[in-house]
Amino acid sequence: MPELPEVETIAWTLRRALIGKTFLSADLRWPRTLAAPSPAAFKKRLKGQQITSVSRRAKFLDLQLSDAHLLIHLRMSGDLLVVLGGYQPAKHDRLIAKLSEDTSLIFSDPRKFGRIWLVDDPVEILGELGPEPFSEAFTPDWLYSALHLRRRQLKPLLLDQTFLAGLGNIYTDEALHLAKLHPLSASDSVTKKQAKGLWRAVREVLEEGIRHNGASIDWVYRGGDFQNHFRVYGQTGKPCPVCGTTIERITVGQRGTHYCPQCQVRANPKNPVQ
DNA sequence: CACGAGACCTGTTCGC
DNA sequence: TGCGAACAGGTCTCGT
């Protein structure tokens, strides 16, 4: 479910609900959810730790504890909820943690792709990530250079978290459309002007997503309404909001990819046409 | 290095 | 109605 705006929204919610609370116990109902350490070590170490801050890096949630970091990646279908008072476990609950003040933190994840780590130093897990789109490190010049350091299709490159942190399938399609760039264009074919446009588009679609509290699709994530503002994602067969041309869907890197064949013209020195 | 395919999983929707 | 195929917001690993 979650890309940067959704995780940011969840971090905001957790921050208000969890800071200051202390872990009392943990019920791990699908052991593979825990990436590290072992379940026994996890339960032992978590107990008694107080949550001091909640932040987001890429699509990871980082709960800083008294003496460790609890990192959570929701992957495709994970969700976190905070419940007050008694709680009856539900079908897709993978971890139920009891906290002080009669609070429970529940990690629910139908597809079981989500992962949780309890580590000393977040860098162990987050070390290889690319820059945050809202950081000062992410500039038009950096993007232009980075695009030209490789020769890859734009969409898979933007999805690569070691290149740039936080974009997923929705926001990548939206950003490429806003920047009028074709998902299959070679990264090193992008001009300085186009790189600046892409830089702006990435920030714009992410800001828009955050402003709408993320996108809610299907049964998984609720709360946001950015799904009502998609320009191309999931809009196959509908008119492009810019030019009216029918939005098409292709597969790129095994991901459904939505774009406007009129606005987003492919630029690739090897195959200049189309 | 870049890319495609397969894995990991369950649930929903599509197409015949 | 039924039933298999296709698809889903992510990432990892392996083979070419």
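Everything quoted here is computed from the prediction, not taken from an experiment. Protein chains get the first letters and strands the later ones, always in sequence-line order, with residue 1 at the start of each.
A donor-acceptor pair is defined here as one N or O able to donate and one able to accept, closer than 3.5 Å; no such pair exists between the side chain of Glu101(A) and the backbone of Lys21(A).
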Passes side chain to side chain contact (heavy atoms under 4.5 Å, CB included), Lys155(A) versus Asn169(A)? Steps please. CA-CA 9 Å; Lys155(A) 171 148 179 179; Asn169(A) 209 33; 2.5 Å; yes
CA sep, side-chain torsions, deciding dist, call: Asp27(A), Lys43(A), salt bridge (Lys or Arg N to Asp or Glu O under 4.0 Å): CA-CA 8 Å; Asp27(A) 176 11; Lys43(A) 289 178 189 181; 5.5 Å; no
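For Tyr233(A) and dG10(C), the OH to C1' distance is 12 Å, given to the nearest whole Å. Atom CZ in Arg29(A) sits about 15 Å away from atom P in dT10(B), given to the nearest Å. Here the C1' atom of nucleotide dG4(B) and the CG atom of Asp160(A) are 15 Å apart, to the nearest Å. Between the CD atom of Glu6(A) and the P atom of dA8(C) there is a distance of 16 Å, rounded to whole Å. With rounding to whole Å, Glu3(A) atom CD is found 9 Å from dG10(C) atom C1'. Rounded to whole Å, the distance from CD1 on Ile250(A) to C1' on dC7(C) is 16 Å. Remark: P of dC9(B) and CG of Leu74(A) are 17 Å apart, rounded to the nearest angstrom. If you take CD of Glu8(A) and P of dG9(C), they are 21 Å apart, rounded to a whole angstrom.
Among the nucleotides dC8(B), dC3(B), dG9(C), the one closest to the side chain of Arg152(A) is dC3(B). Minimum atom distance to the side chain of Ile170(A) is reached by dG9(C), of the listed dA8(C), dG9(C), dC8(B). For Arg249(A), the side-chain atoms get nearest to dC7(C) when compared with the rest of dG9(C), dC7(C), dT10(B).
When the P atom is compared between dA5(B) and dC7(C), the two are found 13 Å apart, to the nearest whole Å. Only the P atoms considered, dT1(C) is 28 Å distant from dT10(B), to the nearest whole Å. A gap of 15 Å separates the P atoms of dA7(B) and dA5(C), to the nearest Å. Rounded to whole Å, the separation between the P atoms of dT11(C) and dT12(B) comes to 23 Å.
For Arg151(A) against dA2(B), a side-chain-to-base donor-acceptor contact under 3.5 Å is absent.
In this structure, Glu208(A) does not pair ionically with Arg203(A), as no charged nitrogen and carboxylate oxygen lie closer than 4.0 Å. At a threshold of 4.0 Å, the pair Arg152(A)-Asp160(A) counts as salt-bridged, since one of the basic side-chain nitrogens sits closer than that to a carboxylate oxygen. A salt bridge is defined here as a Lys NZ or Arg NE, NH1 or NH2 lying under 4.0 Å from an Asp or Glu carboxylate O, and Asp188(A) with Arg151(A) meets this definition.
With respect to Leu181(A), the side chain to side chain contact (heavy atoms under 4.5 Å, CB included) criterion is satisfied by exactly one of Gln194(A), Gln264(A), Arg266(A): Gln194(A).
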Output one letter per nucleotide in nucleotides 11-16 of chain C: B when a protein non-hydrogen atom lies under 4.0 Å from the base, S when only the sugar-phosphate is that close, - when neither is. B-----
Pairs under 3.5 Å (Watson-Crick or G-U), crossing ones as [ ], inter-strand ones as |: DNA chain C comes out as .|||||||.|||||||
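Contact between the side-chain N/O atoms of Tyr171(A) and the OP1/OP2 oxygens of dG9(C) is not found at any separation under 4.0 Å. Contact check, His92(A) against dG11(B): a side-chain N or O comes under 4.0 Å of OP1 or OP2. OP1 or OP2 of dG10(C) has not a single side-chain nitrogen or oxygen of Arg111(A) nearer than 4.0 Å. Contact annotation: Arg32(A) side-chain N/O to dC9(B) OP1/OP2 distance is under 4.0 Å. Put simply, Lys112(A) has a side-chain N or O that comes within less than 4.0 Å of OP1 or OP2 on dT10(B). At dT10(B), none of the side-chain N or O atoms of Lys91(A) fall inside 4.0 Å of OP1 or OP2 (strictly under the cut-off).
Shortest non-hydrogen contact noted between Ala11(A) and Val54(A) is O-CG1, 3.8 Å.
For the pair Lys192(A) and Tyr144(A), the cation-pi criterion (under 6.0 Å, within 45° of the ring axis) is fulfilled.
Applying the ring-ring contact (aromatic ring centres under 6.0 Å, His included) rule to pairs touching residues 46-89 of chain A yields Phe60(A)-His73(A), Phe60(A)-Trp117(A), sequence neighbours excluded.
Ring centers of Phe23(A) and Phe42(A): at least 6.0 Å apart, outside the cut-off.
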